[in-house]
Participant: 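First the structure, which I've put down as structure tokens, then a few questions once you've had a look.
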Amino acid sequence: MTTFIDRPDGIFPSVCSLDCPDQCGLLLHKKNGKITKVEGDPNHPVTKGFICNKVRNITERMYDEKRLKYPMKRIGTKGDGEFVRISWDEAIEVISTRWKELLKSDGAESILPYSFYGNMGNLSAEGMDRRFFNRLGASQLDRSICNSAGAVGYKYTMGGSYGIDPEDTVHTKLFIFWGINAVSTNMHQIALAQKARKQNGAKIIVIDVHKNQTARLADWFIPILPGTDTALALGLMHILFGENIVNTSFLEQFTVGHEELCEHVKQYDPSSVAAITGIPKEDIVKLARMYGKTSPSLIRIGNGPQHHDNGGMFVRTISCLPALTGQWQVKGGGAIKGNSAYLYHNADALQRTDLLKNKETRKINMNLLGEALLSLEPPVKSLFVYGSNPAVVAPAGNKVRKGLKREDLFTVVHELFLTETARYADIVLPATSSFENTDFYSSYWHHYIQLQQPVTEPYEEAKSNTDVFRLLAKAMDFDETAFIETDAELIDQALTNPLNPYISKINYETLAKHQYMKAEAVFPVTLPTPSGKIELYSEKMKQDGFPPLPTYTPLPMESEHPLLFIAGPNHNFLNSTFANQSKHVELEKEPVIVLNRSDAESLGIKDGEQIRVWNERGECILKADIGENVLPGVAVTQGLWSANQTTKHLVNSLTPDRIADMGGGATFFSGRVTVEPTKEKN
Ligand SMILES: Nc1nc2c(c(=O)[nH]1)N[C@H]1C(S)=C(S)[C@@H](COP(=O)(O)OP(=O)(O)OC[C@H]3O[C@@H](n4cnc5c(=O)[nH]c(N)nc54)[C@H](O)[C@@H]3O)O[C@H]1N2
Ligand SMILES: Nc1nc2c(c(=O)[nH]1)N[C@H]1C(S)=C(S)[C@@H](COP(=O)(O)OP(=O)(O)OC[C@H]3O[C@@H](n4cnc5c(=O)[nH]c(N)nc54)[C@H](O)[C@@H]3O)O[C@H]1N2
Ligand code: SF4
Ligand SMILES: [Mo]
């Protein structure tokens, strides 16, 4: 069990648990047993005491009256949110009895866990839970909602999630923020870029479909048509090779296929690329020359463009660019898509994959949750949701909510709040916040592993993820020691990873002493690609049915609706987290749809008007924000807003559940919509 040693009032080092690359070091101020203030830890080497507004205000969330205090069972209709209090004993008894019945009648694969990284703690998100579901033999969840298309694309070129150390980017002279709204989603990379700007006159370029907060601080903002970035990257390569602004000795020594690539990109001339991307020809040439001639240069590869049908190939393609100019050899040069490969822990030991006993249980893509609940055979009969809010965040939301409404689906939700998903549950279990738990955190951007130890007692009757699965294991009569090990033991097992020498000095004891520790990470000389080199040409891709060279494929024209609908995250929420806190909602104001003036004029829409946004999948009502912040044919909205039975702003009602080209990824941003004025109020 999680051991809570009562810590007196004081100031405690901690770590932000949210799904954000920065993974800030925090200081928690505890007074009269409660956390009264959260600030950045000034000693943290990367985040240096600065944190975002969301988390500076997180005590609002921790002690929000609406926070779940005890287990409950449903008494109303699914979705309505009528529950009564029950005890933990009863809750665990009801769940285990139902699951034991299901094991007999339908088999373990009728049970599906659904989770994501609402808490990035390795034990909370992929620890005791995985042990439990492996032992149970439940259906497996393919956790592909976030970055999986891009991760697979990057891997084809680079072999794994290896980028440069963000701390080196103070030396960078040219930053390209490509499809990342870093001011909101990676603020410390912006802080580093601003420092480089001041110290060495670095320039910041932003390539995006939206003139967002990040674009507004750029030296040069390049608006692009959605889903066409691969063509732009190939156009840049055309010029780099054509004008011989490439580092031939690097290409020869460290890459495979540069001659084939040089030949292949001849077809992507600036005029053709301009016609595809909406970027003027002269700008493409100017960008290529700037990129080719400035060193060190960094491409910060965002998550946005890989949320398209062709998203895997996009990341595969732009990750070839730094090799052309040999940037990987220059301090502060290269790319960052993600850096998790440096911090890999021993997942087999933590998740105890052996408990599956080699059973080949079915794997369900989380982007197809609606389909899975509505039509998968044999059916999913029980769903256990934790660390995620699929009723709001999953694509094709109307299908998801219809599936959740199924009377014969036994749903358990472990949560801090009665989320839109929890409203459909049969049993709701209260979760601790990360500040009440023991866990370790590995950033997917910087190179530090950090420790969380409980700072306050669990809130009311809340329990941590690890404790809930320990209780369930006991009730299911699982007698393996794997289910009684402590959180500290789990941390040591996870951090003993003979395959990752970078973290050999990091364990529970050293973390307890230092709070954060940097992996001894170096950019690998031999990459884990089949050739050991950067693969501009990939034989593996050919075997997997893809073109072996980077290739542009237009987005499918899914329907005749006039606008491409890009519904991304916003500044003051973290996915749907904080969308139910009044302070964060006040800061964000209200959901809008950003349109180009010419589209608004031809569709008869006025600025500030309520707009019905619809397609075959559903509808939403958003306020029109008209101007020049998107190109014609594009509509942007930000934020996964909270909704009740009467509001209509669940943007995922409109998004497609098609699967991207690679990694089973999501295609949130490739859906098309029609917009029209409405008298309906939201
Ligand atoms: N404040 C805040 N921070 C967050 C989150 C949050 O919700 N709020 N979410 C966290 C999570 S889980 C993630 S995955 C990251 C995501 O953070 P980012 O990596 O920034 O990804 P997105 O915000 O999804 O998209 C980034 C940008 O891509 C643009 N875009 C969309 N399609 C295209 C395209 O085809 N081409 C180009 N060039 N641009 C395109 C969008 O307009 C958007 O500005 O942020 C994390 N941090
Ligand atoms: N339209 C559109 N949809 C998107 C995106 C987009 O850009 N556009 N982004 C997608 C992306 S990149 C992602 S990563 C997903 C994210 O989607 P989710 O992973 O569902 O993220 P959140 O909405 O933050 O929900 C996390 C939930 O976990 C709960 N939680 C936090 N800590 C704990 C804990 O310790 N235990 C338990 N049991 N629960 C906890 C929180 O209260 C919260 O309700 O959304 C995706 N959906
Ligand atoms: S959400 Fe991101 S920026 Fe904000 S405190 Fe957490 S890690 Fe830092
Ligand atoms: Mo994400």
Side-chain angles (χ1 to χ4, degrees), residues 15-26 38-40 44 46-47 50-58 61 67-68 114-121 123-125 129 143-148 181 184-189 191 303-304 306-307 366-367 384-395 397 412-422 429-437 439 441 443-446 462-466 468-469 565-570 573-580 637-640 642 650-656 665-669 671:
V15 46
C16 178
S17 64
L18 295 172
D19 188 351
C20 169
D22 298 52
Q23 202 151 95
C24 292
L26 305 177
V38 176
E39 60 181 349
H44 191 286
V46 185
T47 61
F50 298 101
I51 58 169
C52 67
N53 225 5
K54 304 183 287 294
V55 171
R56 222 175 303 121
N57 290 315
I58 204 167
R61 181 171 164 84
R67 203 171 146 187
L68 294 171
Y114 186 101
S115 73
F116 212 64
Y117 292 87
N119 174 354
M120 288 282 298
L123 308 190
S124 303
D129 54 323
R143 292 177 173 81
S144 50
I145 204 166
C146 178
N147 71 338
S148 59
N181 186 12
S184 300
T185 63
N186 186 196
M187 63 179 268
H188 294 90
Q189 185 61 73
N303 225 37
Q306 60 94 61
H307 272 158
M366 70 192 297
N367 295 315
F384 189 103
V385 183
Y386 57 104
S388 182
N389 185 13
V392 175
V393 308
V412 183
V413 178
H414 182 220
E415 250 298 343
L416 284 86
F417 287 89
L418 194 66
T419 55
E420 293 77 358
T421 309
L429 305 172
T432 46
S433 82
S434 64
F435 302 150
E436 298 150 42
N437 300 341
D439 214 328
Y441 290 79
S443 165
Y444 50 93
W445 172 66
H446 60 60
K463 289 191 190 295
S464 68
N465 291 17
T466 56
V468 167
F469 288 104
F565 183 64
I566 315 286
N570 63 4
F573 307 163
L574 200 297
N575 301 316
S576 76
T577 300
F578 301 116
N580 59 338
T637 183
Q638 291 183 311
L640 298 170
S642 157
L650 287 176
V651 291
N652 276 322
S653 301
L654 298 159
T655 53
T667 59
F668 287 110
F669 300 163

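Index from 1, following the sequence. Both counts, for ligands and for their atoms, begin at 1 and track the order of listing. The basis for the numbers below is simple: all heavy atoms, side chains too, and nothing from hydrogens, waters or symmetry mates.
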Participant: Tell me, please: is F669 in heavy-atom contact with ligand 2, that is, under 4.0 Å?
Facilitator: yes

Participant: For N465 and ligand 2, does the shortest N/O to N/O distance drop below 3.5 Å?
Facilitator: yes

Participant: Can a donor-acceptor pair be found, under 3.5 Å and without considering hydrogens, that links the side chain of Q189 to the backbone of P21?
Facilitator: no

Participant: How close does the nearest protein non-hydrogen atom get to atom 47 (N) of ligand 2, and which residue and atom is it?
Facilitator: V393 O, 2.8 Å

Participant: Does E420 reach ligand 2, in the sense of a heavy atom lying below 4.0 Å from it?
Facilitator: no

Participant: Distance under 4.0 Å to a non-hydrogen atom of Y386: what atoms of ligand 2 satisfy this?
Facilitator: 38 (N)

Participant: Just checking, is any N or O donor in the side chain of D22 or T47 under 3.5 Å from an acceptor N or O on the other one?
Facilitator: no

Participant: Using every non-hydrogen atom in the two residues, find where L429 and V412 come nearest and quote the distance to one decimal.
Facilitator: CD1-CG1, 3.9 Å

Participant: Any N or O of N437 that comes nearer than 3.5 Å to an N or O of ligand 2?
Facilitator: no

Participant: Would you tell me which option among L574, L416, T419 has the nearest heavy-atom contact to atom 30 (N) of ligand 2?
Facilitator: L416

Participant: Touching ligand 2 at all, F417? Heavy atoms, strictly under 4.0 Å?
Facilitator: no

Participant: I need the nearest protein heavy-atom contact for atom 18 (P) of ligand 2: residue, atom name and distance, please.
Facilitator: S388 OG, 3.7 Å

Participant: Quick one: are M120 and S17 in side-chain contact, heavy atoms under 4.5 Å?
Facilitator: no

Participant: Need the ligand 2 atom indices (1-based, order shown) with element for anything under 4.0 Å from a heavy-atom of D19.
Facilitator: 14 (S)

Participant: Can you report which non-hydrogen protein atom sits closest to atom 8 (N) of ligand 2, along with the distance?
Facilitator: A567 O, 2.6 Å

Participant: Between Y114 and T421, is any pair of side-chain heavy atoms under 4.5 Å apart?
Facilitator: no

Participant: What is the nearest protein non-hydrogen atom to atom 15 (C) of ligand 2, stated with its residue, atom name and distance?
Facilitator: I145 CG2, 3.9 Å

Participant: Is it true that G387 lies under 4.0 Å from ligand 2, counting heavy atoms only?
Facilitator: yes

Participant: State which residues pass side chain to side chain donor-acceptor pair (under 3.5 Å) with S642; sequence neighbours excluded, sorted by chain then number.
Facilitator: E420

Participant: Determine whether Y386 and V413 make a side-chain contact, defined as any pair of heavy atoms from C-beta on separated by less than 4.5 Å.
Facilitator: no

Participant: Taking 4.0 angstrom as the limit and counting only heavy atoms of N119, give me the atoms of ligand 2 inside it, by number and element.
Facilitator: 32 (N), 33 (C), 34 (C), 35 (O)

Participant: Looking only at protein heavy atoms, which one is nearest to atom 19 (O) of ligand 2, and how far off is it?
Facilitator: F116 CB, 3.3 Å

Participant: Quick one: which ligand 2 atoms are inside 4.0 Å of a heavy atom on H307?
Facilitator: 12 (S)

Participant: Does H446 reach the side chain of H44, with side-chain heavy atoms less than 4.5 Å apart?
Facilitator: yes

Participant: List ligand 2 atoms under 4.0 Å from P569, heavy atoms only on the residue side.
Facilitator: 7 (O)

Participant: Under a 4.0 Å heavy-atom limit, does R61 contact ligand 2 with its side chain, its backbone, both, or neither?
Facilitator: side chain

Participant: Protein N, O or S atoms less than 2.8 Å from atom 6 (Fe) of ligand 3, ignoring waters?
Facilitator: C16 SG

Participant: Quick one: look up the protein heavy atom nearest atom 23 (O) of ligand 2 and list residue, atom name and how far away it is.
Facilitator: S576 OG, 2.5 Å

Participant: Counting non-hydrogen protein atoms only, what is the nearest one to atom 3 (N) of ligand 2? Give residue, atom name and distance.
Facilitator: N652 ND2, 3.1 Å

Participant: Can you confirm whether the side chains of S124 and N119 place a donor and an acceptor under 3.5 Å from each other?
Facilitator: yes

Participant: Any side-chain heavy atom of S388 sitting closer than 4.5 Å to one from V393?
Facilitator: yes

Participant: Which of the numbered atoms in ligand 2 are below 4.0 angstrom from a heavy atom of C146?
Facilitator: 12 (S), 14 (S)

Participant: Who pairs with R67 by salt bridge (charged side-chain N to carboxylate O under 4.0 Å, His left out), at least two apart in sequence or on another chain?
Facilitator: E436

Participant: Among F578, F668, Y114, which one has a heavy atom closest to atom 10 (C) of ligand 2?
Facilitator: F668

Participant: Return the residue, atom name and 0.1 Å-rounded distance of the protein heavy atom closest to atom 16 (C) of ligand 2.
Facilitator: N575 ND2, 3.4 Å

Participant: Under 4.0 Å from any heavy atom of T577, which atoms of ligand 2 are there?
Facilitator: 22 (P), 23 (O), 24 (O), 25 (O), 26 (C), 43 (C)

Participant: Please confirm whether H414 comes within less than 3.5 Å of ligand 2 when only nitrogen or oxygen atoms on both sides are compared.
Facilitator: yes

Participant: Quick one: does S124 get within less than 4.0 Å of ligand 2, heavy atoms only?
Facilitator: no

Participant: Spell out, as yes or no, whether a donor-acceptor pair under 3.5 Å connects the side chain of N652 to the backbone of T655.
Facilitator: no

Participant: Would a 4.5 Å heavy-atom cut-off, applied to side chains only, mark E415 and P430 as touching?
Facilitator: no

Participant: Specify side chain, backbone, both or neither for N147, according to which of its non-hydrogen atoms lie closer than 4.0 Å to ligand 2.
Facilitator: neither

Participant: Is a side-chain N or O of T419 found less than 3.5 angstrom from the main chain of N389, in a donor-acceptor match?
Facilitator: no

Participant: Would you say the rings of F668 and F565 are close, in the sense that their centroids are separated by under 6.0 Å?
Facilitator: no

Participant: Have W445 and Q23 got a donor and an acceptor in their side chains that come within less than 3.5 Å?
Facilitator: no

Participant: Check each of E415, E436, K463 against atom 43 (C) of ligand 2 and report the one with the nearest heavy atom.
Facilitator: E415

Participant: Would you mind telling me which of N437, D439, N465 makes a side chain to side chain contact (heavy atoms under 4.5 Å, CB included) with L123?
Facilitator: D439

Participant: For H188 and I51, indicate whether the former's side chain and the latter's backbone hold a donor-acceptor pair under 3.5 Å.
Facilitator: no

Participant: Does Y117 have any ring-ring contact (aromatic ring centres under 6.0 Å, His included) partners at least two apart in sequence or in another chain, and if so, which?
Facilitator: none

Participant: Side chains of R143 and S115: any donor to acceptor distance under 3.5 Å?
Facilitator: yes

